[in-house]
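A short worksheet on the structure shown next.
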Amino acid sequence: MQHKTQLALSFLLSQVLLLACAEDLGCVPGFQQKVFYIEQPFEFTEDQPVLNLEFDDCKGNNKLNFEVSNPDFKVERDGSLVALKNISEAGRALFVHARSEHAEDMAEILVVGPNEKHGALKEIFKIEGNLGIPRQKRAILATPILIPENQRPPFPRSVGKVISSEGTEGAKFRLSGKGVDQDPKGIFRINEISGDVSVTRALDREAIANYELEVEVTDISGRTIDGPVRLDIAVIDQNDNRPMFKEGPYVGHVMEGSPTGTTVMRMTAFDADDSSTDNALLRYNILKQTPTKPSPNMFYIDPEKGDIVTVVSPVLLDRETMETPKYELVIEAKDMGGLDVGLTGTATATILIDDKNDHPPEFTKKEFQATVKEGVTGVIVNLTVGDRDDPATGAWRAVYTIINGNPGQSFEIHTNPQTNEGMLSVVKPLDYEISAFHTLLIKVENEDPLIPDIAYGPSSTATVQITVEDVNEGPVFHPNPMTVTKQENIPVGSVVLTVNATDPDTLQHQTIRYSVYKDPAGWLEINPTNGTIGTTAILDRESPYVQNNIYTALFLAIDSGNPPATGTGTLHITLEDVNDNVPSLYPTLAKVCEDAKDLRVVILGASDKDLHPNTDPFKFELNKQSGPEKLWRITKLNNTHAQVILLQNLKKANYNIPISVTDSGKPPLTNNTELKLQVCSCKKSKMDCSATDALHISITLILLSLFSLFCL
């Protein structure tokens with residue numbers, strides 16, 4: 001708008017200059033004044049002249065015709081601008097297009113307030129330096145040109161004239177700038193002799209609204225003799241763009257029962273035309289509402305702002321009584337302030353009526369029945385409810401609570417998220433012998449609280465009658481598991497334990513018989529009548545079937561029902577250790593070089609399968625050595641190890657050293673064993689232990705013993 005005002009001021013200044021040099025320049029075709037200011041009255045009165053416009057094509061104004069941008073005004077043949085009806089608002093600007101047989105031109109009428117007009121006149125002399133008109137006298141007069149967009153052929157057509165008072169012989173006009181010799185090139189041209197400016201094709205204001213050109217006067221050689229002077233060309237808007245809704249989809253929400261006048265949403269359209277003119281002055285309207293019930297006019301749109309509001313009473317805005325909670329409105333935006341000549345654009349607004357919790361859930365019946373077998377868990381009955389609220393909201397989703405009849409917490413209830421039903425479950429097995437019937441009181445509420453005026457009623461509670469069916473339950477061992485401690489190696493036939501099993505079905509008076517279920521080592525038996533468990537084999541704590549000194553067996557108790565029911569009992573026998581295992585010695589083979597300097601041959605260790613105190617400390621001893629001299633000795637290192645030492649180097653041979661090891665049990669057990677010793681030849685770090693030329697020391701000892709007997 002500021003740029004348009006500057007152009008208008010420039011026009012006004014140019015008219016002043018034209019009047020000053022009218023005698024020298026002659027007639028200029030077109031409006032003799034191109035910009036007018038009128039002060040906004042309280043109302044434009046019908047058929048009352050507003051102002052007078054003077055148009056002269058310098059050839060008699062033959063076939064002169066006027067067109068006004070605002071259809072509420074017209075221009076009479078004599079140039080008088082009059083209103084066609086009483087108008088309180090005419091907009092900020094009017095454009096008058098005049099066309100005769102020999103010329104056409106555009107004038108602009110600016111509607112201003114009292115202060116704006118006075119200020120605008122004062123600005124003439126402040127901005128003249130910015131309009132391309134220096135304070136010194138110029139020979140070139142280039143008045144701004146206004147050109148309507150979208151003009152029809154033929155082209156080129158004259159749009160204005162540049163005048164020069166310079167009388168130099170051979171002087172020519174030259175035009176330059178964007179639209180002439182710069183992209184987009186060739187839109188404007190100038191007659192280098194007459195100064196007539198013409199346009200070569202239709203203009204589009206939405207592409208380029210203003211052109212700033214330069215005009216200068218050159219001599220015959222092309223040298224500039226005056227100028228350059230700026231020539232402003234403004235493209236006048238035509239209503240050639242339809243309003244467009246660019247921000248869709250348009251979806252609004254309004255709570256049911258909202259008061260009349262509740263704002264739902266805002267619709268905003270865009271018009272590419274000049275926003276300061278009626279070409280982009282939009283008005284909104286609802287063309288269609290779907291569905292049309294309960295009222296064909298559920299909503300209203302503010303014609304200027306585009307705000308959609310409710311216009312029906314809160315009672316009609318009831319989601320549960322509507323055909324659908326979704327309404328679609330076809331919204332029209334029309335420019336030219338909504339006049340019939342305006343262009344239109346449409347969009348669809350979707351309005352969703354949101355639910356509020358104004359309907360409590362209600363059970364479909366007051367009492368539900370369920371049957372469950374004792375000892376069984378899981379869902380036993382689904383409780384159904386009705387709720388008229390929106391199933392997609394917390395106003396519909398149900399929350400169930402057991403408020404009475406569940407002291408043992410044997411029951412739980414949860415909501416099925418798909419059906420909204422209450423799934424009542426047994427979570428702790430029921431016992432027919434304790435109670436054959438249960439009565440539960442259950443209430444249902446919504447996830448969301450009810451609105452203040454609504455409360456939960458009697459239909460929001462229900463009773464569930466549960467019948468427990470008797471089943472043949474298996475006997476129960478007491479205790480289970482059963483534990484007993486016994487020494488290993490007790491005699492076969494010894495009594496281990498007498499088990500006790502009872503039948504939970506106390507009303508059926510059944511008998512119980514016993515049997516072995518799992519006996520991994522096959523050590524046990526049970527009397528089928530009285531439940532006495534005895535041994536059929538030696539109990540061995542060191543058996544692989546014993547874990548951590550405990551032997552485990554399973555037994556069955558079977559009642560006389562039809563079919564019979566079975567209970568399983570577990571027996572843990574803790575076995576106490578008895579010293580029944582001799583210690584073992586390791587290693588059993590040792591090697592030494594015949595010329596070894598270190599005669600400590602080997603360190604021996606002992607182990608025992610029994611438990612302490614039937615194990616270490618162990619006693620290590622050499623059995624009696626025969627012969628003239630002793631060849632080795634054994635020395636205890638600690639409770640579990642001893643060292644064998646040679647008393648002299650021996651020849652290459654294999655020797656058996658008799659050793660005994662004794663545990664600490666009561667009574668102690670001794671293991672008499674032999675350590676095999678290989679005396680080898682060692683050369684260059686290689687040990688040769690082949691015994692082909694060696695005598696076994698045990699043979700030597702036998703011969704020596706025989707020799708000593710004969711000598712006696």
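In this chain, numbering begins with 1 at the start of the sequence shown.
Checking Asn472 against Gln510 by side-chain atom types alone, a donor-acceptor pair falls below 3.5 Å. Side-chain contact check for Gln465 and Thr439: at least one donor-acceptor pair (N or O, by modelled atom type) lies under 3.5 Å. Using modelled atom types and a 3.5 Å distance limit, the side chains of Asn416 and Asn382 yield no donor-acceptor pair. Side chains of Asn446 and Asn357: a donor-acceptor N/O pair is present below 3.5 angstrom, by distance only. Side chains of Asn241 and Asp271: no donor on one and acceptor on the other come within 3.5 Å. Side chains of Glu149 and Gln151: no donor on one and acceptor on the other come within 3.5 Å. One side chain, Thr552 or His572, offers a donor N or O that lies under 3.5 Å from an acceptor on the other. A side-chain donor from one of His253 and Asp354 sits under 3.5 Å from a side-chain acceptor of the other. Between the side chains of Asn86 and Glu46, no donor-acceptor pair of N or O atoms lies under 3.5 Å. A donor-acceptor contact closer than 3.5 angstrom is absent between the side chains of Asp274 and Asn279. In summary, the side chains of His414 and Ser425 do not present any donor paired with an acceptor at a separation below 3.5 Å, with no hydrogens or angles considered.
When side chains are defined from C-beta on, Thr461 does not count as touching Val444, because their heavy atoms never get closer than 4.5 Å. Thr415 has its side chain out of reach of Arg397: every pair of non-hydrogen atoms, C-beta onward, lies at least 4.5 Å apart. Considering only heavy atoms from C-beta on, Leu110 comes within 4.5 Å of Val35 through its side chain. Considering only heavy atoms from C-beta on, Glu108 stays 4.5 Å or farther from Phe36 through its side chain. Counting heavy atoms from C-beta outward, Tyr300 and Ile308 have side chains that stay 4.5 Å or more apart. Looking at heavy atoms from C-beta onward, Val311 lies out of side-chain contact with Met298 at the 4.5 angstrom threshold.
Asn530 and Tyr514 make their closest contact through C-CE1, 4.1 Å (heavy atoms, listed as atom of the first residue, atom of the second, distance). Taking both residues in full, the closest heavy atoms of Val516 and Leu524 are given as CG2-O, 4.4 Å, listed atom of the first, atom of the second, then distance. Considering all non-hydrogen atoms of both residues, Ala462 and Phe368 come closest at CB-CE1, 3.9 Å.
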Worksheet item: Going through the checks in order, is the side chain to side chain donor-acceptor pair (under 3.5 Å) test met by His359 and Asp387?
Response: CA-CA 6 Å; His359 295 89; Asp387 195 317; 5.7 Å; no
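Using a cutoff of 4.0 Å between basic side-chain nitrogens and carboxylate oxygens, Lys356 and Glu256 are not scored as salt-bridged. Ion pairing between a basic and an acidic side chain is recognised when a charged N comes within 4.0 Å of a carboxylate O; Glu445 and Lys443 show such pairing.
Between the CE atom in Met267 and the CG atom in Asp302 there is a gap of 13.5 Å [rounded to 0.5 Å]. With values rounded to the nearest 0.5 angstrom, Leu203 atom CG is found 8.5 Å from Asn150 atom CG. Here the CD1-NZ distance, from Ile331 to Lys288, works out to 13.0 Å after rounding to the nearest 0.5 Å.
Taking the six-membered ring for Trp and the full ring otherwise, the centers of His438 and Phe411 sit less than 6.0 Å from each other. Taking the six-membered ring for Trp, Phe245 and Phe270 have ring centres at least 6.0 Å apart.
Using a 30° and 60° split on the angle between ring planes, Tyr400 and Phe363 fall in the tilted class, from 30° to 60°.
In summary, of the residues considered (Asp340, Val341, Leu281, Asn285), a side chain to side chain contact (heavy atoms under 4.5 Å, CB included) with Lys334 occurs for Asp340 alone. With respect to Ile526, the side chain to side chain contact (heavy atoms under 4.5 Å, CB included) criterion is satisfied by exactly one of Val496, Val499, Thr532: Val499.
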